[in-house]
Amino acid sequence: MDNIIKVEGLSKSYSKFGKKKALAVDNVSFEVDKGEVFGFLGPNGAGKTTTLLLMLGFLKPDTGTIKLFGKENDDMGIRAKIGYVPENPAFHKFLTGKELLNFHAELYGIKEQKEKIVSEMLKKIGLEEAKGKRVSTYSRGMLQRLSMGQALLNNPDLLFLDEPTLGLDPIGIVDIRNIILEMREQGKTIFLNSHQLSEVEKVCTRVAFMKQAKIIETYKTSELTESLEDLFIKIIGKEI
Amino acid sequence: MISKAIVKNTIKELLRTRQAVPIGIVSIGVVIAIVFIFKSVNYELFSTIVFLISVLFTVGIIDSDLADGKILTVLSKPVSYTQFFLSKVLGVISVGSIIIVIMMLSALIITSSAVNVNMDIKVWFVLPIAGIIAHILWTLISATLSTFIKGYSNITAIILFSILFGALTVIPNQTVHAIIEFINNYILPAPEACLNSFKESRVSLSGKLFHSLLYIALLSIIGPVILNHKELGRK
């Protein structure tokens with residue numbers, strides 16, 4: 001199978017006033033194949049978001065290599081094929097929902113059919129009625145939907161999701177789940193950071209457990225003999 | 001190299017978030033200052049005042065995208081940090097320049113009628129142009145500093161400005177001359193008029209400040225080249 005993500009020997013430590021703090025990511029290696037929905041699990045502070053930011057090129061690793069679609073992750077060409085939903089969505093509040101999606105569509109270089117793509121996306125993420133309202137008036141759940149929308153405008157082949165259901169009501173959670181499942185059916189690759197184990201279990205094809213900056217176990221969800229929650233407690237333990 | 005979408009968005013941001021309002025308030029101070037200044041036309045002090053206005057105007061807009069993480073979703077698209085930086089700066093400069101020209105010309109009209117001074121026709125062109133140049137330079141300084149200093153804000157800018165101002169008051173003229181001569185000879189040739197003003201020791205405090213900032217700004221243009229080393233999204 002083709003590797004869409006290939007991470008080898010990745011390490012990252014943060015330093016303050018020249019002093020190095022503990023490693024945030026310690027010699028992490030993994031691969032994600034085309035069409036996989038890869039769940040990245042672990043307690044708070046395990047290094048999941050740092051790993052994701054390293055993959056997106058927002059942070060520079062101390063050591064290791066990251067390849068997306070077989071190319072270095074700082075290659076601008078691959079950005080057109082990816083989507084990213086951050087953990088804490090922050091957008092230009094002076095724009096309306098529709099204007100914000102238009103702006104992000106332009107960043108992707110979408111010119112033809114921009115109106116149609118944005119209009120369909122507003123429907124897909126359930127913000128059709130609120131499209132004319134300023135982002136500053138949006139609730140946390142609406143921002144999360146908008147965040148999902150900006151990441152899907154280019155119909156990405158690889159989607160990075162960092163806690164995409166945070167702050168969503170049950171209907172919102174189901175909507176996001178359906179979007180992920182739809183993309184899975186289309187053979188897209190998804191990297192999912194989440195604490196919502198029940199959701200991860202429903203959508204992921206494979207999961208990795210991260211603890212204290214290292215990946216300690218990887219499982220195919222189809223081969224699990226117990227619930228992900230039980231497995232999480234067993235692997236991560238109580239001494240988090 | 002320039003992202004049209006970011007330039008357009010920045011202009012929209014400046015207009016919709018009414019960031020021109022504080023500029024308007026400060027401009028009242030400028031008008032009052034000009035009334036006093038014009039008795040002995042002091043272009044340097046005038047430029048210094050424009051710097052102060054530009055500080056308030058530009059720092060916030062460049063900094064806000066970096067501070068709250070809005071930049072992350074932008075840079076996950078096919079947009080480099082350099083592209084983001086230059087486009088943002090261009091957006092700020094285009095709106096800022098228009099405001100400064102309007103402000104300067106209004107100030108000149110009010111001043112000329114208030115103090116009843118016969119002004120050289122050149123003044124009508126020189127001052128708005130000086131304002132725009134000062135604004136562009138300061139926008140570049142602000143943008144570069146916002147990039148390198150975490151949490152850089154209007155307050156930081158004013159503190160830095162005060163430190164620089166304070167430092168200039170204690171630096172002897174000879175030292176300033178030596179620095180300028182060194183930069184002129186080995187790094188960047190200075191305009192002759194600028195060098196002459198130093199040599200003649202007629203340099204006011206604000207003049208030193210203006211020239212120092214001019215040099216810092218010119219050197220800061222190399223900022224975007226190394227900006228890709230900045231780490232984003234760090235908690």
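Predicted model, so just to flag it, every value in this text is computed and none were measured. Every chain is numbered from 1 and lettered A, B, ... according to where its sequence line falls, protein lines coming before strand lines.
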J.: Sort by residue number and list every member of residues 99-109 of chain A having a non-hydrogen atom under 4.5 Å from chain B.
T.: A/Glu99, A/Phe103, A/His104, A/Glu106, A/Leu107, A/Tyr108

J.: Is B/Lys4 in contact with chain A via its backbone, its side chain, both, or neither, using a 4.5 Å heavy-atom distance?
T.: neither

J.: Within residues 123-162 of chain A, which positions have a heavy-atom distance to chain B below 4.5 Å?
T.: A/Arg134, A/Gln150

J.: What pair of heavy atoms forms the shortest contact from B/Lys12 to A/Leu95, and how long is it?
T.: CD-CD2, 3.7 Å

J.: Quick one: closest heavy-atom pair of A/Phe58 and B/Leu75, and the distance?
T.: CE2-CB, 3.6 Å

J.: Go through the structure and list residues passing ring pair (Phe, Tyr, Trp, His ring centres under 6.0 Å) with A/Phe30, not counting sequence neighbours.
T.: A/Phe38, A/Phe40, A/Phe191

J.: Side chain, backbone, both or neither: which part of B/Ser3 has an atom under 4.5 Å from a heavy atom of chain A?
T.: side chain

J.: Counting only heavy atoms not in A/Lys188 (residues, nucleotides, ligands), do more than 12 fall under 6.0 Å from its NZ?
T.: yes

J.: Which residues, numbered in order, of residues 77-84 of chain A come under 4.5 angstrom of chain B by heavy-atom distance?
T.: A/Arg79, A/Ala80, A/Ile82, A/Tyr84

